[in-house]
Amino acid sequence: MTRSTILLAGIPALLLLRQLWRYTRTPARLSKIAQSEERVLVLGGGTGIGREIAKQYLDRGAKVCIVGRRQDKLDAVVQEAGSPNRLLSFVGDVSAIDDMVTLREILVNEWNGCDTLILSAGVSALQPILGVAGIDNPDTATVLPDVDKEGIRKALAATEAATRVNYYGPLIVAVTFIPLLTRSSKSPSILLVSSLGATIPSPTRALYGSTKAASLHPSIAFSCVLPATVEGAFRESAVDMGVVREVDPDKHGLKVAAVAKRCIQAVDNLEKPSSCQLLVLADLTKR
């Protein structure tokens, strides 16, 4: 056996040891911020992945602020959590400047700052662009009719709605909170929950994929996860009025709890986007 063959044979073992070391050592960030002292802002914390991330942070003793557009969803999280002293809730829209500035003021008054920002807010879009414009079955039609003015307006309106939340929202959040994070935290961190559709878009969901791809400070640890389809009702937020194809969306896709856990691991370990996004896909596909 040649030396090169021996070296190649040892690579899988080295990779395995690296993974074991990563998951058994004390995460780098927790040496700077104790779990019970961490102040976590979860945008999109009323439903889906954001809700589960908020729950897991609460379970380990962090202070958590959840933000969403629907009061009833936030109230349900607060009621379920049973941690009123460590949980704040705020009704707001990530694409609304006034809401985000007000939220920043609340965090300063209540916590004197923030350590961790989780951006899990977003909207879905399910139809092909021409389908949004009013053409039936555009992916299978042999002859496509011209789109009238109303159809063009519908396509534009859906695009503007998706762009406002999926692209402008993260931009507004970053500009609003990055200075506060850098001033108030020993180890500031931001995690963006994006989508596999941002890099491998579905041919029938061009609008959603493009607006998620558009949203991809040296002193802040930045992580970005790209999960594939996740179980739950997120697709009901579709701004293009597309029909959810699954009979029961709660039983199709990655497990919400597993995705949330992996997101928190990425923040704790100060993982870069290139490693984090790939590990989410590899680790969670069959869970």
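Heavy atoms only: backbone and side chains are in, while hydrogens, waters and symmetry mates are out. Remember, predicted model here, so these are calculated numbers, not experimental data.
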(message) Please check: side-chain N/O of Arg29 versus main-chain N/O of Ser187, any donor-acceptor pairing under 3.5 Å?
(response) yes

(message) So, applying salt bridge (Lys or Arg N to Asp or Glu O under 4.0 Å) with Glu38, which one of Arg86, Arg60, Lys186, Lys63 is it?
(response) Arg60

(request) Please name the pair of heavy atoms, one in Tyr57 and one in Val64, separated by the smallest distance, quoted to 0.1 Å. (result) CB-CG2, 3.7 Å

(request) Check Gly48 against Val256 and note the closest heavy-atom contact, atom names and distance. (result) O-CG1, 3.5 Å

(message) So does Leu30 get a backbone contact from the side chain of Gln35, meaning a donor-acceptor N/O pair under 3.5 Å?
(response) no

(request) Could you tell me which non-hydrogen atom of Pro179 sits nearest to which non-hydrogen atom of Thr182, and how far apart they are? (result) O-OG1, 2.7 Å

(message) Nearest 0.5 angstrom please: Leu192 CG to Ile118 CD1, how far?
(response) 10.0 Å

(message) With a 4.5 Å cut-off on side-chain heavy-atom distances among I, L, V, M, F, W and Y, is there a chain of contacts connecting Val77 to Ile264?
(response) yes

(message) Tell me whether Ser184 contacts the main-chain N or O of Leu180 through its side chain, where contact means a donor paired with an acceptor under 3.5 Å.
(response) yes

Give the table of side-chain donor-acceptor pairs shorter than 3.5 Å for residues 89-101, with sequence neighbours excluded, one pair per line with atom names and distance.
from, atom 1, to, atom 2, distance (Å)
Asp93, OD1, Ser95, N, 2.8
Asp93, OD1, Ser95, OG, 2.8
Asp93, OD2, Ser95, OG, 3.4
Asp99, OD2, Asp93, N, 3.0

(request) Indicate the atoms forming the closest heavy-atom contact of Leu181 with Pro188, along with that distance. (result) O-CB, 3.6 Å

(message) Using the salt bridge (charged side-chain N to carboxylate O under 4.0 Å, His left out) criterion, which residues pair with Asp59? Sequence neighbours excluded.
(response) Lys55

(request) In sequence, state the C-alpha distance, the side-chain angles, and the governing distance for Gln79 and Asp75, and then conclude on side chain to side chain donor-acceptor pair (under 3.5 Å). (result) CA-CA 6 Å; Gln79 184 175 3; Asp75 289 344; over 6 Å; no

(request) Give the C-alpha distance, both sets of side-chain angles, the deciding distance and a yes or no for salt bridge (charged side-chain N to carboxylate O under 4.0 Å, His left out) between Lys255 and Glu52. (result) CA-CA 10 Å; Lys255 299 299 182 183; Glu52 183 62 29; over 6 Å; no

(message) Among Val259, Val67, Val193, which residue satisfies the side-chain contact (heavy atoms from CB on, under 4.5 Å) criterion with Ser120?
(response) Val193

(message) I need the minimum non-hydrogen distance between Leu103 and Cys65, along with the two atoms involved.
(response) CD1-SG, 3.9 Å

(request) Heavy atoms only: give me the nearest Leu74-Gly46 pair and the separation to one decimal. (result) CD2-CA, 3.9 Å

Donor-acceptor pairs under 3.5 angstrom involving side-chain atoms of residues 146-154: please list them, not counting sequence neighbours.
from, atom 1, to, atom 2, distance (Å)
Asp148, OD1, Glu150, N, 3.3
Asp148, OD1, Gly151, N, 2.7

